[in-house]
Amino acid sequence: MSKGSDTRRHRRDFIKTGAALTATAVAGFPFVSRAQNKPIKIGMPTIQSGRAAMVGSSSRNGCMMEIEKFNAAGGLNGRMIELIARDTKGKPEEAARLSRELVNSDGCEILFDSESSAGAFAIHEVAKDLGVVVMHMNTETSSLTADPKLRVPTAFRASRQGIHDSIAAGSYAAKIAKDKGLKKWISCSPDYAYGRDSTALFLEYLKHFYPEVEVVGEVWPKLYQPDYTDALTKILQIKPQAMYSCLWGGDLTAFVDQSTIYNLFTQMESFTINVADYTILTAIKNLPKGLHSSNRYLSTFPKSEANAKWAADYRAKFNEYPITWSWENATGTKFILEGIKKAGTTEAKKLADAIRGMKIESPFGVDGTVTMREEDQTLVNYAIGWGQTIPKDPFMPDVTAVDWKVIYELETAWKKKNNYT
Amino acid sequence: MSARAIIDAEGLDVFYGSSQILFALGLSVLEGQTTALLGRNGAGKSTTLKALAGLVPPRRGRVRVMGIEFQGKKPHAIARAGIGFVPEDRQVFPEHTVEDNLLIAQKRGPNGEDYWTLARIYDMFPLLSPLKQRMAGRLSGGEQQMLTIARTLMGNPVGLLLDEPSEGLAPVIVARIGELLRRLRDMGVTVLLAEQNMHFCLGIASHALVIDKGQIVYRDTIAALKENEAVKKRYLAL
Amino acid sequence: MLKIEHLSKSFGGVAAMSDVSLDFPAGSLTAVIGPNGAGKTTFFNLITGALKPDKGNILLEGENIAGLSTPDIVRRGIGRAFQIASIFPSLTVRESMLAAVNAHRGQHAGLGGRFPIAAAEDRAQAVMEMVGLSAKADMVSRYLSHGDHKLLDIALALVLEPRVLLLDEPTAGMGPEERWQRIDTVHRLWEREKMTLVFIERDMDIVFKIAQSIRVLSYGKVLAQGTPDEIRRHPAVIEAYLGTEYVAGHA
Amino acid sequence: MMKSSFLRDCLIALAAFAILAVLPFVYPSRGMSDFVIRLAAFGIFATSLNLLVGYAGLESFGHGLFFGLGAYTFALTMQKLGTSIPVAFALTILLSVVVACVVGAICVRLKEIYFAFLTLAFQMLLHSLIIAWTPLTGGDQGLTGGVPRPPFLGIRLDQPYHLYLFCGGLLVLCLLLMRHIVQSPFGYTLRMIRDNPARATFLGVQVWRMRLAAFVIAGAFGSIGGMVMSLFVSGAFPDFAYWTISGEAIFMIMLGGTTVFFGPLAGAIMLLMLNDAVTKLTEHYGLVLGIIILMFALGLRKGFMDYLAEWWRGRQMSSVAAPAATQARPLPAQPVKVAGE
Amino acid sequence: MDLPALGNCVTSLSCIITQSTSGLIIGMLLFLVAAGVSLIFGVLKVVNFAHGSFYMLGAYLTLTVYGVTGSFLLAVVAAAIGVGLFGLLFERLIISRVYGSQVLMQLLVCYGVILILDDLVKIIWGAEFRSLGMPDVFLKPPFLFGGGVVPVYYLFLIVLTLIIAVLLGLAITKTRLGKIVRAVAVNPGMVSALGINTGLVYAGVFLLGGMLAGLAGALAAPVRSIVSGMGLSVVVESFIVTVIGGMGSVAGALVGSLLIGLVRSFGTIGFPLFTEGLMFLLMAVVLVLKPSGLFGRET
């Protein structure tokens, strides 16, 4: 199976449907002025080349799930959504450049940020500069929305957030640790902002729930480091009872593959929080049993018909599993589209006002809904759960949901501590 | 003239950068003969040999090896056709041992000849025998010159192009090299010997070519040249 | 003018120059000859600081310049041209001259003005006329003929207004007629500029025709020195270098 | 030789600036003005690299050191010290000069490929430092939070037109200055050194000092490129000090040409437009750009402007009816080299 | 910086053993790539920046052949041969056209090839990272060794690579072909005049370099994630190794690779945030003190 031909095919399909829809629209409403029929262009700076190229494809797929529905339903008074995705090559300066170009030259009215976190900050600056609505859909760095100094009225985040994840992870891991008496912990996370922040927070909340925990070591492999031997031998040297890791993507599969041949996972409880995502679950040939992970995306959690159907639709449409960026981008897109419908316009200020505090139906919400929290314009109430892996589908049969009340409570305290309020 | 030409050239124009060195040069070296290419410093002797060996591509003209066209061919093709080149500045591989220098050059001749073995070489060049394992870069000038000739012989050439083998060497060594060339001649190897020193050639070569300003200006037997004071005085500064 | 005392240099244990002492009086025209590998070019390299002598003094008007860097030596008035013409291929003849004048006058690091400093143009023009390159002033050097490359090389050395000019085979690679023209130019320059000129040459006809005095090097040692007539008759020189035939032919 | 006075160059620069100033009124497009700002950053940067590569014959792989240094120093000075923009500019250039003196003194004595690798090593050391010194630089995340743009001398860089004109003006000014440098006596000394360092030594030139001076000057201008980029993205990222940024500048000068002053600028325009156009048209940006690069490198074998210049010279030569055939002919391919020839 | 941790480690035997082994493992795969880079540079004076892409191709070929045949051995052989042939093609069609040009022009050409290959790989195999999985033969518990552990696969990898390193070293110093290759590096004109086709030698060096890189990619496939662009960090490290070890020297490549491996494994403990910086620092120090590298010839 070749992935490239699939994306091509789907782009062709999209162009065909788009053309057909436009044709119907023009034929159906011959008196509507062309200006009104002008498509609503949304610019999407994302990563389409290099090691993180699948960020781009899964993000775009996620968006298309919603956009096609919206267009099929007639758009905004006949105005269709047109998504223009551009490759930033993972370079923040390209992200900044492309965002500006998408708005200034291509006439995009809205930006979808499907970049890494460094790129997200660059796009954030552009949105501030140009005053357009931007939906951050991949970055999990908490400060982007939590820090009031960085706040931009037209900037929203529809992705999971580091602090939420850390609190959830801390509470779950503490419970297991208490049960099993896991006191000696080690961390093994990628050496960059996301890795450092989420590790620090995780350990903070782990200790919050289970103060006896002692951190006996930490290793920081570099991002995209091909070889983890040095990290693994160091971990084995220290002989901890449990390990935390927020490695992700190809790094995580290589890490798991290499750990397996060291028999690492039989020697300690492992909290590899990013394993429960289908790319990882399907890429690892010998998935070890019993790894603890948070759900990145699972069609079985939340256990709802809507979620299962969405996953099935996605697979049927793109011939691949949806992953975390897929649901995040779908969610972000849905907020924008609902906002457009509600505001009846794409004008930035009105659109932002409409989205702020909005609650929408979503297969990925705890109770079937997710909310764009008003105070910091970030996504809340999405489903977070933890479970343990088994080697084959459904990979993580039992997922325990984490209570958002705990998350809210500790998040408020965290914000206070950081002077974010 | 019944003997065939091992190597012959006509109309060679050779340039270094913008300066022309050879002007429509033509010559031929007959099988079994040792021909001396005489001329003053800078007359074009070295360039002629390099052009014949393919190391300096001529801009115009033709080179034939045993009747087959070879101009524009790479040096290795000409070497495979049986023409061995011994450069004037020795050019041993300094970080290889003497024996390695010889081994690198080992190949059969154009008709499958494989006369030259290490043993025969050491026999012919007794000087090199005790130096087998020494780095070539650490040999004296004379030893290097011996090695260069020996190395070329390892390729079982039919014809040898020798560029001033006596230059800069002590008289004793020059005498040895002369002796060596006589033995090669007696074995039937065809030689084109570029030299400034006519005396060195007298006992070795049968024929002489005189080159001046990039052109062949005289050809005859070396005995005839020896008697021709006019040519000697004009072109050889003798 | 230039006095060499006990100059020695060896490379990896092999003596390239051993205990050479020579004197080149002011305004003299001297040829350095010797068989290949005699150390002629090494001798020039030692004088100009391109190689550092192991031992010995090099006195330029009494000042010992042995061990100084090339630029320092050059600034003290020793110019040099090379066996293989050493020029600036992508500059025009005029640009080469002007840049050389700037270097000579210590104005080559200037950022203030534009390149052809007016004051340099006279000198550049003068040198080009001196050697006869004016007509080709605006040609890019790499497109010049071989002979002109050599001429340009000499011109670059002349720009320095050298007290001592070292020429390494000024006629190398030229045909006989061009050779004589070239050596004529050199001779006229010497007469006009009243400098001390030392040249390496292989063409004995030229050497004996124009040199006032000759130094013969062999295996890094001084074999002989004297006037052309003395050298022609010197038994050791005949033995090692000239050969009896040459002497007989020119007797 | 084309003679050009400083005055004439100034007039051309003024005219170019005037065109840049009115361009947005004739052709109002923020895309265009963004392009000019990016061009300013890369045009200055690539031209400064060419001071080394094209004029001094120093093939640096690590010129991005100064791009990154410029961007970070400028952005940090603005963020942490809250100085005015001209002061931050001056401080940045000063620091770059100091760093260039130290790094250059170590590097310029090495030859060719070793020089190239050593400059690369220094650049990567800066990159590692940026990554490691997270509290100051923001680490891999980059320096976020925006670069303040307080008004100075009536210039308000938070206004798009002001920013555009400021960057465009810097481009013109830096090109003018660099043009002046390469046309100065020093510029010709560099050409001598590039062509034949040994000969230059025999003319009394202290080659390594001149090389060091060139390295420092190029470093200072390189840092200005970084500052413009930092203004454009309102931040600084470790990528600015990564080896790829040196790579991009190298590709610009190789595409545009190294022997013509405006070659690097042309290369910057070409690569930026190519980048923008190709990413717009296809997802397979690498495939298309790679093929174009190969066509250039294997087809023209020289930069575009070099090619044009040669073609033009050839035309002139033939129309003047060259006096001798050899004069118009470039050097033929070198004969097969036998060492020690 | 965590110097106390480093101090603790170098005073504990088991830590020294484990980290040294880890350095060995990291160094071994690097060696296979770096040896090719170094040889190509030494003999052809070409900076083959595209060598990392050879490594990537090796990994992808392994993925496909292993997927189809299920035989790891077959996959490794196919990758080595396939990439070797690709190297040959690359030399004949592309790089041989820029012999003797500026280094920067060669770099530009290599960059073009890298861009093309990275994209082609994405088109053929997809953008997402892939994993080969450990072949069954190696799914055995790791060895215990002096207080440290060494997985079976890594033992295999170390032994195989060391054998290759020794064979390569012997081939280059003892065989006639190796002697010719070294002679070409010094004086190609003279070698040609002795009747040896230097063009073939050049192509052969690329074939060999390609095979080694393909082999490295194949051996990396079971333990590393396979993704477009994976060759970049490897080629950068290879150049560091080449500079440190000396261009054209097999022994230098081996020592350089091991040094980098050790810097990485001990650096992780002592300077967790600065290991890459350490490598470049090492390179800078070598360049300043001995530009031709530890095992290089002075030129």
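So you know, we letter chains A, B, ... as the sequences are listed, proteins then strands, and number each from 1. Excluded from the calculations below are hydrogen atoms, water molecules and symmetry mates; all remaining heavy atoms, backbone and side chain alike, are included.
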- Query: Among A:Asp147, A:Asp106, A:Leu98, A:Leu102, which residue forms the greatest number of heavy-atom pairs with chain D at distances under 4.5 Å?
  - Reply: A:Asp106
- Partner chain D: residue of A:Lys89, A:Lys128, A:Gln48 with the largest heavy-atom pair count (under 4.5 Å): A:Lys89
- Query: Aromatic rings D:Phe45 and D:His63: how do their planes relate, parallel, tilted or perpendicular, breaks at 30° and 60°?
  - Reply: parallel
Need one label for [X]: side chain, backbone, both or neither, based on atoms under 4.5 Å from any heavy atom in chain D.
X: A:Leu130; answer: side chain
X: A:Glu125; answer: side chain
X: A:Arg97; answer: both
X: A:Ser99; answer: neither

- Message: Contact between D:Pro135 and D:Trp133 at the side-chain level, heavy atoms closer than 4.5 Å - yes or no?
- Response: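 They are in side-chain contact.
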- Is the shortest heavy-atom distance from the side chain of D:Asn275 to the side chain of D:Tyr285 under 4.5 Å?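 Yes. Closest side-chain heavy atoms under 4.5 Å.
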- Message: Report which part of D:Tyr242 has an atom under 4.5 Å of a heavy atom belonging to chain A: side chain, backbone, both, or neither.
- Response: neither
- Measure distances from D:Thr134 to the heavy atoms of chain A and classify the residue's part below 4.5 Å as side chain, backbone, both or neither.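 Only the side chain of D:Thr134 comes within 4.5 Å of chain A.
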- So which of D:Asp158, D:Ile37, D:Val233 has the largest heavy-atom pair count under 4.5 angstrom toward chain A?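 Winner by heavy-atom pair count: D:Val233.
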- Message: Just so I understand: if I count every heavy-atom pair under 4.5 Å between each of D:Gly286, D:Gly142, D:Ser234 and chain A, which residue has the most?
- Response: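 When all of D:Gly286, D:Gly142, D:Ser234 are compared, D:Ser234 has the most.
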- Ring-face cation of A:Lys91 near D:Phe237 (centre distance under 6.0 Å, axis angle within 45°):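 No, A:Lys91 and D:Phe237 do not form such a contact.
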- Query: So among A:Lys415, A:Arg151, A:Arg157, which one has a salt bridge (Lys or Arg N to Asp or Glu O under 4.0 Å) with A:Asp376?
  - Reply: A:Lys415
- Given D:Phe67, D:Phe66, D:Phe232, the one that forms ring pair (Phe, Tyr, Trp, His ring centres under 6.0 Å) with D:Phe240: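 Per the ring pair (Phe, Tyr, Trp, His ring centres under 6.0 Å) rule, the option paired with D:Phe240 is D:Phe67, out of D:Phe67, D:Phe66, D:Phe232.
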- Between D:Gly64 and D:Ser246, what is the shortest heavy-atom contact and its length? N-OG, 2.8 Å
